[in-house]
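Taking it in order: structure first as structure tokens, then the write-up.
Predicted model only: the values in this text are computed from it and were never measured. Remember, it's 1-based here, ligands and their atoms both numbered in the order they're listed. Hydrogens, waters and symmetry mates play no part in the numbers below; they use all other heavy atoms, side chains included.
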Amino acid sequence: MKIVVMGGSGLIGSKLVTKLRERRHETLAASPASGVNTVTGQGLAAALEGASVVVDVSNSPSFDDAALEFFQTSTRNLLAAESAAGVGHHVALSVVGTDRLSESGYFRAKMVQEKLIEDSPIPYSIVHATQFFEFVDGIADLATSGNEVRLAPVLFQPIAAEDVAGALADVTIAPPVNGIIEIAGPEQFRLNELVETTLRERHDPRDVIADPHAPYSGAELQERTLVPAAGARLGETRFGDWQRSRNGTG
Ligand SMILES: NC(=O)c1ccc[n+]([C@@H]2O[C@H](COP(=O)([O-])OP(=O)(O)OC[C@H]3O[C@@H](n4cnc5c(N)ncnc54)[C@H](OP(=O)(O)O)[C@@H]3O)[C@@H](O)[C@H]2O)c1
């Protein structure tokens, strides 16, 4: 069974490719760096030749309104190429709460991506993950103005990229669910508190301000916007353990 990982050079894609190859699956890591571009269509038909499953873990180079053009064009091109190649399972990675974040241009783009997949005749599995541990620094930077980081004090349940890749590998080799599977980390925090702890640990001087109206990716958050429903698959890695191993202190 040949598997194509679109975005195979990315954070999740590279870990997923390793996991699938460890399980002895023929796996092609595809991305613009290796001559495969879902926006222009370059290299797409050749990459998909003989593929049974395509996993889309690509991401838009920009997180603003331009993300719509990326996800719309790339998903259309990818699904059309999969149809032509006879691919039997399209797996895509999206975000827990996407449907609750429509004030955000990035999440409206992810909604369009999901709708195109659901409306296509190709059997599919959409994995909704919470924010990656690796993205917590990015959340702080995006919420920074001067010396202040303004974040809503809402529930937050991030997951290690390694655990996302593990769950995706399982979904990739299982039959399509034609629906959404939610995955999250094993612990819940408050978004502002976890970012504050992270910044304090590394003596970052920025102040974290709890602001219920602070936007996240342009959208206002409610208490449970970012957390999954009961029954989500949970990763094993705890945030503190991951942080200690990243800092070389664990
Ligand atoms: N960040 C989070 O916390 C979070 C949480 C849940 C879900 N997600 C979702 O996870 C997915 C993957 O995120 P990530 O952080 O692993 O991404 P990433 O590290 O930024 O990697 C993006 C990948 O997309 C590829 N790519 C960019 N433009 C492309 C194009 N035109 N054609 C084909 N491939 C293209 C890149 O290839 P090159 O290296 O060749 O440029 C790279 O391999 C995203 O869809 C995101 O919505 C993210």
Q) Is the gap between the ring centers of Phe239 and Phe133 under 6.0 Å? A) yes
Q. Do Leu199 and Val149 have side-chain heavy atoms sitting under 4.5 Å apart?
A. yes
Q) With a 4.5 Å limit on heavy-atom distance, are the side chains of Thr38 and Thr73 in contact? A) no
Q: Just jot down the side-chain contact (heavy atoms from CB on, under 4.5 Å) partners of Ala109, sequence neighbours excluded, or say none.
A: Ala67, Leu68, Phe71
Q. Crowded around Arg238 CZ? As in, over 12 foreign heavy atoms under 6.0 Å?
A. no
Q. Going by the angle between their ring planes, with limits at 30° and 60°, are Phe63 and Phe135 parallel, tilted or perpendicular?
A. perpendicular
Q. Can you list, by chain and residue number, every protein residue with a non-hydrogen atom closer than 4.0 Å to ligand 1?
A. Gly7, Ser9, Gly10, Leu11, Ile12, Ser31, Pro32, Ala33, Val36, Asn37, Thr38, Val39, Val57, Ser58, Asn59, Phe70, Leu93, Ser94, Val95, Tyr106, Lys110, Ala129, Thr130, Gln131, Phe132, Phe135
